[in-house]
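Order of the sequence lines fixes the chain letters, A, B, ..., with proteins taken first and strands second; residue numbering starts at 1 for each chain. Keep in mind the model is a prediction, meaning the values are calculated, not measured.
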Number of protein chains: 2
Amino acid sequence: MLALRTHIENYTSTTLSDNDFALVAAAFTPKRLRRRQYLLQEGEVCKYFAFVLEGALRQYSVNNKGVEHILHFAVENWWIGDRESFVMLTPSPYNIDALEDSHLLLITHPQLQELMLTVPAMTRLVRELDQRNFIATQRRLHASFGSTAEERYAELQQQHPDFLQRFPQHMIASYLGVTAETLSRVRQKATRQ
Amino acid sequence: MLALRTHIENYTSTTLSDNDFALVAAAFTPKRLRRRQYLLQEGEVCKYFAFVLEGALRQYSVNNKGVEHILHFAVENWWIGDRESFVMLTPSPYNIDALEDSHLLLITHPQLQELMLTVPAMTRLVRELDQRNFIATQRRLHASFGSTAEERYAELQQQHPDFLQRFPQHMIASYLGVTAETLSRVRQKATRQ
DNA sequence: GAATACCCTTGACATAAGTCAAGAGTCCTG
DNA sequence: CAGGACTCTTGACTTATGTCAAGGGTATTC
């Protein structure tokens, strides 16, 4: 729980009063997920947004040929959930599941709304996160244009070397938008040189 | 100018007081751009965010082979600017230029900050836009995964049929992340059927 | 209204990446 | 500890898309 407090303080450059933090703490519900357990399944409305205290999750979709595409990974001290479904209450096209046994803090949309009214730092946090998410997603979109599998892999090595250690290669491949075979060949070529 | 008022009211479900709107109006500077004129050039900091009253613009980058990739189009009643550069004051990797003679309303970052303090609806507007942008960008990222040029073209026909009328095909191709030749063949195949 | 730039199409060929299939190593789990 | 499920690699082949080049049409501009 302390991790959440630190996270909010860092991302909003605020020091939370104990009272404010008590309100925050009361709004979240702890939840444990075993490896492979779902937080959200395709077709459901995303009822909870989750702050990851421990573990790792992925957000992915399955196309009409049964191929999985991973859109996001989330690890300690980051958030996961389908923003669109969470806000609009529409069925989500995504699945979210745990890649490792994980420890989360959940919050519902009404609870978050309420909390944003009572704790101004939460409003700033949400705006800050939206902004960062937008920027990060735009960068990835930009990168997906005309860059080869090789370039995207090199980029990921720079940005998230930890992912390469932590997740199996076929998931990294899926995150980069290539097949496991292609990634395997890219890596072989990269290390040979 | 009225278009901006309507835009804010629609996107925040608010009715602006005349006084609030006077504050908004005072913060923006009108600007006309001729076709092909730049609003932002690669390497500059994005000093202004722009609301488009009339005309059309594009945001694009040029890769190391001199190939242009269009990230966004903006037309009447929408916004354009490089959010990351605008907020972080970092040099932008993007160009923004006018595809038609255009009429804009410009605002600087300090002016926007100020306005968000004095007119609460503006805060809500910015959050709403960030959220929509994030959702839209995430959708495009999702779509860019493993879908063919054909599928992406069909998707665009659904979402923005107006773009197809308004912009030359080689720009549509660039927006979809394919070459003009490929788009030409996709279209030929689509109409033959 | 001639000259020029821009735009779209089409063909021939090259190439990055996908698909299918097989095999070997490693980690779970009963 | 044996069997099965993952995981990664490698090879042969296919396919979508890019590249290069040429030609014709249509706007723009002087």
Exercise for review: Determine which pairs satisfy side chain to side chain donor-acceptor pair (under 3.5 Å) with at least one residue from residues 121-137 of chain B, sequence neighbours left out, and list them in order.
Suggested key: A:Arg83-B:Gln131, B:Thr14-B:Arg124, B:Arg83-B:Asp130, B:Glu128-B:Arg132

Review point. Which of the following nucleotides, D:dC6, C:dC6, D:dT17, is nearest to the side chain of B:Thr148?
Key: D:dT17

Practice item. Please list, chain by chain and in numerical order, all residues satisfying ring-ring contact (aromatic ring centres under 6.0 Å, His included) with B:Phe51, sequence neighbours excluded. Key: B:His7, B:Trp79

Review point. Charged N to carboxylate O under 4.0 angstrom, A:Arg32 versus A:Glu100?
Key: no

Practice item. Residues of residues 156-171 of chain A with any non-hydrogen atom less than 4.0 angstrom from an atom of DNA chain D: list those, numerically ordered, please. Key: A:Pro168, A:Gln169, A:His170

Point to revise | Pairwise side chain to side chain donor-acceptor pair (under 3.5 Å) hits with a residue in residues 169-179 of chain B, at least two apart | key: B:Gln169-B:Arg187, B:Thr179-B:Thr182

Show which side-chain atoms of residues 39-46 of chain B pair as donor or acceptor with protein atoms under 3.5 Å away, not counting sequence neighbours.
from, atom 1, to, atom 2, distance (Å)
B:Glu44, OE1, B:Gln41, N, 3.1

Exercise for review: Round to a whole Å and report the spacing from CG of B:Asp101 to P of D:dT28.
Suggested key: 11 Å

Exercise for review: Show your working on side-chain hydrogen bond (donor to acceptor under 3.5 Å, both in side chains) between A:Glu181 and A:Ser184 and close with a plain yes or no.
Suggested key: CA-CA 5 Å; A:Glu181 293 95 325; A:Ser184 173; over 6 Å; no

**Study point:** side-chain hydrogen bond (donor to acceptor under 3.5 Å, both in side chains) against B:Ser102, all qualifying residues, sequence neighbours excluded
**Key:** none

Check your understanding: In terms of the nearest nucleotide of DNA chain D, which residue is placed more toward the 5' end: A:Arg36 or A:Ser184?
Key -> A:Arg36

Practice item. Output all residues satisfying side-chain hydrogen bond (donor to acceptor under 3.5 Å, both in side chains) with A:Thr90, sequence neighbours left out; order by chain, then residue number. Key: none

Check your understanding: Going by number, which of residues 175-183 of chain B have a non-hydrogen atom under 4.0 Å from DNA chain D?
Key -> B:Gly177, B:Val178, B:Thr179, B:Glu181, B:Thr182

Point to revise | Spacing of B:Glu68 atom CD relative to D:dG18 atom P, expressed in whole Å | key: 16 Å

Review point. Is there a donor and acceptor pair, one atom on the side chain of A:Arg187 and one on the base of D:dT7, closer than 3.5 Å?
Key: no

Review point. Who are the side chain to side chain contact (heavy atoms under 4.5 Å, CB included) partners of B:Asn10, not counting sequence neighbours?
Key: B:Thr6

Exercise for review: Would you list the pairs meeting ring pair (Phe, Tyr, Trp, His ring centres under 6.0 Å) in which at least one residue belongs to residues 101-142 of chain A, sequence neighbours left out?
Suggested key: A:Phe86-A:His109, A:His142-B:Tyr94

Review point. To the side chain of A:Arg185, which of D:dC6, D:dA12, D:dT17 is closest?
Key: D:dA12

Between N or O atoms, less than 3.5 Å apart, protein on one side and nucleotides 24-30 of chain C on the other: list the pairs.
none

**Study point:** Under 4.0 angstrom between B:Gln188 side-chain N/O and C:dT9 OP1 or OP2
**Key:** no

Check your understanding: For A:Lys65 and C:dA17, what is the distance between atoms NZ and C1' respectively, to the nearest whole Å?
Key -> 14 Å

Enumerate, atom names and distances included, each donor-acceptor pair closer than 3.5 Å involving a side-chain atom of residues 17-28 of chain A, sequence neighbours excluded.
from, atom 1, to, atom 2, distance (Å)
A:Ser17, OG, A:Asp20, N, 3.0
A:Asp18, OD1, A:Arg5, NH1, 3.4
A:Asp18, OD1, A:Arg5, NH2, 2.8

Check your understanding: Within this structure, what is the NZ-to-C1' distance between B:Lys189 and D:dT17, rounded to whole angstrom?
Key -> 12 Å

